[in-house]
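Sequence lines set the chain letters: A, B, ... in the order given, protein chains first and strands last, and positions in each chain run from 1. A quick note: this is a predicted structure, and the numbers were derived from the prediction, not measured.
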Amino acid sequence: MYPITTAHYIALSAALLLIGTVGVLTRRNIVIILMSIELILNAVNINLVAFSQALHNLDGQVFAIFVITDAVAEAAVGLGILIALFRNKETVLADEVDLLKW
Amino acid sequence: MNFLDLIWLIPLFPLCGALLMLLFGRRLDPQPVSEVAVAPGVEHTHGEPGHHHDHGHSHTHDHPHEHTHDHGHDHHHGSPLKILVSLICPGMVLISFLLSVGAVWQLTETPGRIHQLIQFTWLAGLPFHMMDGRLATFSADWGFLLDPLSSVMILVVTGIGFLIHVYSTGYMAHDNGYYRFFGYLNLFIFFMLMLVLANNYTLLFVGWEGVGLCSYLLIGFYFQKKSAGDAGKKAFIVNRVGDAGFILGMLLMFSLLGTVRFLDVNAALRSGHFHAETAGFGVLSVMALLFFIGATGKSAQFPLYVWLPDAMEGPTPVSALIHAATMVTAGVYMVARSAALFQLTPQTLNIVAGIGAFTAIFAATIGLVQNDIKRVLAYSTVSQLGYMFLALGVGAYWVAVFHLFTHAFFKALLFLGSGSVIHALGGEQDMRRMGDLKNKIPITHWTMWVGSVAIAGIPGFAGFFSKDEILWQTYSSPAGSKMLWIVGLATAGLTAFYMWRLMNMTFYGKSRVAPEVAAHIHESPPAMTVPLILLAGGGVFAGWLGVPRAWNLSERFYTFERWLEPAFASAATEAARGGAHDASTEWILMGISVAVAIIGIVVARYFYHHRPQTPGSLPRSLKPLHGLLYNKYYVDEFYDFLFVNGLCKGGGKALGAFDRNVVDGAVNGAGWLTRFSSRASMWWDTWIVDGAVRLGSFTVKLLSYPVCILQTGRVQAYALFVVVGVLVFFGYYLAGK
């Protein structure tokens, strides 16, 4: 068995970031986009925790908790906006909401 | 008492009377409202048969005095105000007359018989350049000049004016506007006295215009009647034509002589600096002609006489005072006053004589066929004024003034007599509805008889002396000619004829009076008959002041000529006297003129008395001629065609076209120009100003276009940009390592 090193964590984190980013950019459904943003945030969390463990510094973990809190708040606000949007526009697709332009 | 220094009071008294009447008369005259609406006046009551019976108490003139009280309707006649007016107005003129008599009496003792009284400068201080370049000051005095000429005039104006005032108190007794009538009459006397007493042309012109105003007011006295108002306007307007000439003459005089004071003007003209313009028509001739044009207007000479016959619309005393005795002679007075000027202008004098002679015979022929008693007298007046101008034209100034003097008596007498006839007949003026009045109104008849004899030129009566003197001067004076004499002689015959036609139709023969009028024929009250009798006395004796030279009487009988000598003292009178006095020729001419007058009387008597059917048949056989005369040579129609319709209406049309095309055109053009410029301005705004603004915005828009396409509104696109941006920075960072 190979020991799980920091590089693994970073690789996982990079994969999650990539998946999240691609999800944000390519999916039309705003719920999916919000989920993809969660992936990106969690990729960051993994990164923070991995380096916290590797460097024996708890700061990273504290940061991770902040990020989780932040993600919760962000999800709440995002879903709130989503519901308001749906009530007005009867849609949850991001590319159909494009009024805010020149 | 020095009357000579009080001559300024002479015009003042009638002015006071006029102001009293015109300012306070209306308030004092208690007129019932209903009566104001009743058309007053004698002149338009005929044509209402049964008038007496139905409205016997009417206020119109026809109402007999003695019946007034029977009808118990005397409040108008006997009202205290009327008595007051009857005392004040003639009284003022009487005071003027007495002052005049006193002044003239004292003038006889004045050396040179000239008295000038200058009270103050009335128009002052306008410097101007005279014709010869000298600087002079335009000024006119408020001054009075009493000399033989003006003394004759003031005596005539105040004396005859007083008699006519007295007459009017009877004649106008039943008219409304009694105070108004006397106010105007007194105002007239005031202006007439200013006219004859003025010491310069400008002040004379004030009086001249003032009497014209009063004439207008009194002709239109019965203003409810359209014809009276029209006649007043006609008189006023026709006179304006003449007055224009007067003003121009006056201005020319100012610019040539630098003064308009009579004495200065005469002195300048007689100084020898100016020579008689025998050869051509120089500036003096033009000046004299302009003055004469003024005189033709006021004195009703040929081209401008048309207003005088129409002026008979006024009350009869007005016709007597203004349109026979005084105002119409103002032109004669003015020319006589300018004798020094006219004497230097033989060419203009010839025109004066020609116009005078032509007017004399022209008006006399019209007078032959008129049926209105006052119109016959009106044409007679025009004709007699023509005589006066004939005398002026041949240089016999004193004779013109002499005829003016005698004419004032007998023509005032004739007019007042005709007024008395009209009064007796209840307003009837048509001689075809008169006849056989001799015994019904004897005083009127005899006084008018005297007047007719006087105007016809029967020896011993006033008209004979003056007319004969005119004819003699016309014949003998170097300025006169046989041709003019023949015209004058023919006029004398015509005068005798039309006067006897008038007498016969009015007083003799069969009565043609309407029966309902005939019942009320009555002699006029003493207020009217006494002036008639006094004037008749004048008509007899006034002429004895200037008997013919051939009669060779004592110097007393030549008073008039002697008296006026200083006024015309110059070569003028010498020329007029015509050198040697040929007594035998004068006797022969006198005989001829008397014979002509008698023939005229006899023919008229024959036609209108012995053969009453002839006057009816004659017009039929001579229809074109009679029509021509009856219609006054169609002069009025001609003037209507030429001036009233032609010049005024045509001119009105031309002015209308001018207004429409030129004035409106200018306005419209200005409007069009504004519209055009506003359009240009709008175009500028739209394309240049707005264009510049829009170009800016367009440029901004153009530049913003690439930016616009980045901003799609799609959130994911923005996210992509962020990612790409991060990657670019990342790549840059890595590459930089």
Heavy atoms of other groups near A:Phe63 CZ, more than 12 under 6.0 Å | no
Which region of B:Tyr718, side chain (C-beta onward) or backbone (N, CA, C, O), has a non-hydrogen atom less than 4.5 Å from a non-hydrogen atom of chain A, or is it both or neither?
-> side chain
Do other residues, nucleotides or ligands put more than 12 heavy atoms under 6.0 Å from B:Phe721 CZ?
-> yes
Can you name the closest pair of heavy atoms from A:Leu100 and B:Gln711 and give their distance?
-> O-NE2, 4.4 Å
Around atom OH of B:Tyr216, are there more than 12 heavy atoms of other residues, nucleotides or ligands at under 6.0 Å?
-> no
For A:Ile30, is it the side chain, the backbone, both or neither that has a heavy atom under 4.5 Å from a heavy atom of chain B?
-> neither
Nearest heavy-atom contact between A:Leu25 and B:Leu720 is CD2-N, 3.3 Å
Can you check whether A:Ala94's main-chain N or O pairs, donor with acceptor, with B:Gln716's side chain at less than 3.5 Å?
-> no
What do you reckon, is CG of B:Leu673 surrounded by more than 12 foreign heavy atoms closer than 6.0 Å?
-> yes
Kindly indicate, with the supporting measurements, whether the criterion side-chain contact (heavy atoms from CB on, under 4.5 Å) is fulfilled by A:Val97 and B:Val715.
-> CA-CA 8 Å; A:Val97 186; B:Val715 188; over 6 Å; no
More than 12 non-hydrogen atoms from neighbouring residues, nucleotides or ligands closer than 6.0 Å to CZ on B:Phe128, yes or no?
-> yes
Report yes if some heavy atom in the side chain of A:Asp98 is under 4.5 Å from a heavy atom in the side chain of B:Thr712; otherwise report no.
-> no
Assess whether atom CD of A:Glu96 is packed by more than 12 heavy atoms of other residues, nucleotides or ligands within 6.0 Å.
-> yes
Looking only at non-hydrogen atoms, find the nearest pair between B:Ala719 and A:Val24 and report the distance.
-> CB-CG1, 4.3 Å
